[in-house]
A.B. asks: 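Provided herewith is a single structure, encoded as structure tokens, for subsequent inquiry.
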Amino acid sequence: NTDSKAHDEL
Amino acid sequence: MNIFRFLADLSHMASIVILILQIRKTKSAAGVSYKTQFLYALVFVTRYIDIFFHYVSLYNTFMKIFFVTSTIYILYLMRVQYKPSHDPNIDTFRIEYIIAPSAVLALIINHGYTLYEILWSFSVWLESGAILPQLFMLQRTGEAETLTVHYIFALGIYRLLYIPNWIYRYVTEGRVEPIAFLASLIQTALYSDFFYIYYTKVMQGKKFELP
């Protein structure tokens with residue numbers, strides 16, 4: 001899942 | 001950004017502000033675990049290393065800077081400013097027991113074998129257990145200052161609120177974050193006893209004392 005690599009959370 | 005994540009971040013921020021105010025007001029860091037604060041500093045430094053090459057938003061960058069600097073400031077307060085008030089003899093949890101399993105889990109479960117992804121995964125596992133020295137200390141002393149108790153509570157609420165955030169994001173965006181989700185469940189489970197005592201005692205205006 002490439003989305004999970006985004007790490008846009010804190 | 002949804003309401004769960006925003007409230008979670010605010011509660012996380014509040015927990016740190018509460019702790020700093022408490023230490024400064026009482027000019028003492030008694031009852032606060034230096035080891036837990038050190039672990040959080042390690043969590044933030046290893047997770048937010050991406051601040052230099054991965055821009056998300058102004059909010060995101062601001063919060064990252066806040067968490068890193070405020071936690072290092074707490075370490076400074078405990079280590080330098082109010083050093084005599086901190087008793088290492090009751091802060092005895094072995095942090096190797098948290099760091100080593102986190103490192104192993106990071107090497108097994110991650111989003112890819114790059115330094116950044118392994119550090120990110122490490123920080124998530126580490127965060128799930130970082131409160132243990134503080135809870136252990138609480139158990140040894142049997143009671144705590146109201147503010148220390150509020151600090152731990154706000155911190156627990158923060159990761160608890162990220163769980164509905166991930167469910168919400170899965171439903172609305174199809175986004176999946178299994179590593180953080182699982183680590184958060186573990187972290188919340190560690191808090192369950194504390195939450196229970198907080199609810200039954202502190203909410204009713206009683207002193208926080210362990211049964």
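Quick note on labels: first sequence line is chain A, next is B, and so on, each numbered from 1.
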A.B. asks: Is B:Asn60 reaching over with its side chain to a backbone N or O of A:Asp8, donor-acceptor style, under 3.5 angstrom?
C.D. replies: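 Yes; judged by distance alone, with no hydrogens or angles, the pair exists.
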
A.B. asks: For B:Tyr59, does the OH atom have more than 12 heavy-atom neighbours from other residues, nucleotides or ligands under 6.0 Å away?
C.D. replies: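 Check passes, neighbour count above 12.
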
A.B. asks: Around atom CZ of B:Phe66, are there more than 12 heavy atoms of other residues, nucleotides or ligands at under 6.0 Å?
C.D. replies: yes

A.B. asks: With a 6.0 Å cut-off (strictly less than), is the heavy-atom count around CZ of B:Phe53, excluding the residue itself, greater than 12?
C.D. replies: yes

A.B. asks: Any chance you could measure A:His7, atom NE2, to B:Trp120, atom CH2, to the nearest 0.5 Å?
C.D. replies: 4.5 Å

A.B. asks: Answer with side chain, backbone, both or neither: which region of B:Phe44 has an atom nearer than 4.5 Å to a non-hydrogen atom of chain A?
C.D. replies: neither

A.B. asks: Under a 4.5 Å heavy-atom cutoff, which of B:Arg47, B:Met63, B:Lys64, B:Arg169 has the most pairs with chain A?
C.D. replies: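 Highest number of heavy-atom pairs under 4.5 Å: B:Arg169.
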
A.B. asks: With a 6.0 Å cut-off (strictly less than), is the heavy-atom count around OH of B:Tyr168, excluding the residue itself, greater than 12?
C.D. replies: no

A.B. asks: Hey, does B:Met1 have a side-chain heavy atom less than 4.5 Å from the side chain of A:Glu9?
C.D. replies: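 Side chain of A:Glu9 against side chain of B:Met1, heavy atoms only: no contact under 4.5 Å found.
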
A.B. asks: Just wondering, are more than 12 heavy atoms of other shown residues or ligands nearer than 6.0 Å to OH in B:Tyr196?
C.D. replies: no

A.B. asks: Looking at B:Tyr158 and A:Leu10, what are the two nearest heavy atoms and their distance?
C.D. replies: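 Heavy atoms of B:Tyr158 and A:Leu10 come nearest at OH-O, 4.4 Å.
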
